[in-house]
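Lettering of chains follows the sequences in order, A, B, ..., and the numbering in each one begins at 1.
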Amino acid sequence: MKKIWAWGALLFGILYFTLPLVGMTNFSLKMRRGEYSFDAYAKVFGDPRFQETFTYSVTQALFTIVFGVLLVVPTAYWIRLKLPGLRPYVEFVTLLPLVIPAIVIVFGYIRLYNTSSWLPLTGSAFGTNILLMFGYATLALPYMYRAVDTGLRTIDVATLTEAAQSLGAGWATILARIILPNVLVAVLSGAFLTFAIVIGEFTMAALLNRPAFGPYMQLLGANRAYEPAALAVIAFGITWGCLGLIQLVSRFQKSAPPKA
Amino acid sequence: MSFLSLTNIKKSFGPVQVVHDFNMGIEKGEFVSFLGPSGCGKTTILRMIAGFETPSGGSIFIDGKDQGALKPNQRNIGMVFQAYALFPNMNVHDNVAFGLKVAGTSKTDIDIRVKQMLGLIKLEHLADRFPYQLSGGQQQRVALARALAVKPQVLLLDEPLSALDAKIRISLREEIRQIQQQLGITTVFVTHDQEEALSISDRIVVMNAGRADQIGTPFEIYNTPATRFVASFVGTLNIIEAKVADPAAGSITIGNQPVTLREPIAGLNGGDTISLALRPEAGSIAEGAKGDASISGEVVSTSFLGSVIRTRLRVGSDIISFDMFNNPGIIPPASGENVTLRFAAKDLLVIRE
Ligand SMILES: Nc1ncnc2c1ncn2[C@@H]1O[C@H](COP(=O)(O)OP(=O)(O)OP(=O)(O)O)[C@@H](O)[C@H]1O
Ligand SMILES: [Mg+2]
């Protein structure tokens, strides 16, 4: 009896998640009347605005990842090594982006960095790009920090650091040659999550008026019928691709347990 | 000044002082063990030599050079940890090469040196393995090779063997000693295993609550313990509570039985209590055993330890153990039997507290 309920719940769950997807995919293929075709996809891929915004967002994502890694890995490492008492507070701070809406953050940015402020970042496209990257890094912080911190837990940070120090290594060498390689898998999973977040982000990019993928999706959705569905499937594919890569990388990790 | 000299080293964590005025000079090429119970400050002193802790007072000199202002990575010290601490992302070769790479050694020189080091620990065939593919003993040998590869002035080992099982522990400690002598490297070895310390050290520092109770060769430490703590911590010495009868004549009583020491007892009066140490192998109950002193007591137990038989004797309120070699021709005494233990009075050592 119990089994039936379990199976029923599972079935319901599967349908709940897949039906809309199936419906959307189905719809995206129906642009040509009366038959299935990839017309909508061809349209989307052929649209120069798609290529432009997608490239822009991918570039932003890559910079965000690099910035996030450079910010989070040394921070999480230092806190584990020297300030373990601060860990709960830092963890709390990294969770803030989950409770503070992106729109609040971006309004704060605009107020602080507008053209008549002490640091007029929004005055140029380049400055705004940097600002947007900071915003993305903030949004990705909860995931990035958690991933890296979990990675650090699997190695004996203190002893490895001392071993490296006694062999003459300085902080930069320790971070680059010992710490980073040992949390690489964690860093990669944080990176893929960051990528997925940046690709789909709308609020910040729209309010900072940058040609990102998120606002493009919104624009298309407001004006077309079939293309948005195709675009949604594409975006969905990218996200799941990222999650798949996380799985792949963590499986790869299992063949080389890091514990000393 | 000694090659490695520690002068008036103190260390406090907050209000707790864990090392008190520690003084010691270690000569070049010497193998010194720090021996003591858990929490007595062995690791703390080692970490101060390595630079991981800053002394609250005192100075550390290596080869005449003050180490006080030097960071750990500026000191020329090799360190081996209890938990091996090999870099998990590097294979054996790269682990051993790490210090050399950091120092900017050329690739050909690194390869030569790594080969040489792996030869020393007899693990050339495992150069491509990762740490998780090695046994504990192999990992610790790699850690030793890694520490030695950079030719440190001083090698520090913090209980390097305590995570290993008994057999490997013994073979590896002999290997460490042999490599140490081959390279002539000044070594400080921390352990709480007295047998380990006695078997491989040139000198031993017996530590008790942040102080050095005694510094001496294994022979001195074992045979002439300076304090009651050393006597009880090192070996299985009997500590006997006796009463002073006549200090000038050196006569005492152990459980009401008179015994005369070789020398007069200084600084004590008749009726005072005095602690004496007697090694278990110093006495015998065999017929016609030699010795100018004797005490009788009741056998409490006998235990068979292989080559020796250890018998525990009750004398008054003291329990005295003594060992005799196993001999199939002699049957050990039974519990409850009364026997007389003969020994040389000079083997009874007066212990200061
Ligand atoms: N970072 C620290 N902060 C506070 N107290 C410490 C710290 N490190 C060590 N202690 C204290 O100093 C004392 C000596 O510690 P230490 O590690 O030197 O002992 P040990 O002789 O190496 O013992 P063991 O044989 O257990 O390793 C202990 O009481 C310990 O609690
Ligand atoms: Mg210790």
Visitor: Answer yes or no: are there more than 12 heavy-atom neighbours, outside F13(B) itself, under 6.0 Å from its atom CZ?
Guide: yes
Visitor: Considering all heavy atoms of both residues, which atom of I178(A) and which atom of M90(B) are nearest to each other, and what is their separation?
Guide: CD1-CE, 4.0 Å
Visitor: Spell out the residues in residues 100-112 of chain B that have some non-hydrogen atom less than 4.5 Å away from a non-hydrogen atom of chain A, in order of number; otherwise answer 'none'.
Guide: K101(B), V102(B)
Visitor: Test your reading of the model: is there a side-chain donor-acceptor pair from N89(B) to the backbone of R177(A), 3.5 Å cut-off?
Guide: yes
Visitor: Mind checking the CG-OG1 spacing from L86(B) to T159(A)? Nearest 0.5 Å is all I need.
Guide: 11.5 Å
Visitor: In terms of heavy-atom proximity below 4.5 Å to chain A, should R146(B) be classed as side chain, backbone, both, or neither?
Guide: both
Visitor: Do M79(B) and Q165(A) have side chains that approach each other closer than 4.5 Å (heavy atoms only, starting at C-beta)?
Guide: no
Visitor: What part of F81(B) lies closer than 4.5 angstrom to a heavy atom of chain A: side chain, backbone, both or neither?
Guide: side chain
Visitor: Rounded at 0.5 Å granularity, tell me how far CG in N73(B) sits from OG1 in T173(A).
Guide: 8.5 Å
Visitor: If you look at every heavy atom in A85(B) and A163(A), which pair is closest and at what distance?
Guide: O-CB, 4.0 Å
Visitor: Using a 4.5 Å cut-off on heavy atoms from C-beta on, say whether the side chain of F87(B) contacts that of I155(A).
Guide: no
Visitor: Take atom CZ of F63(A) as the centre, draw a 6.0 Å sphere, and report whether it contains more than 12 heavy atoms from other residues, nucleotides or ligands.
Guide: no
Visitor: Is there a side-chain contact between L160(A) and P88(B) in this structure, where contact means two heavy atoms from C-beta onward sitting under 4.5 Å apart?
Guide: yes
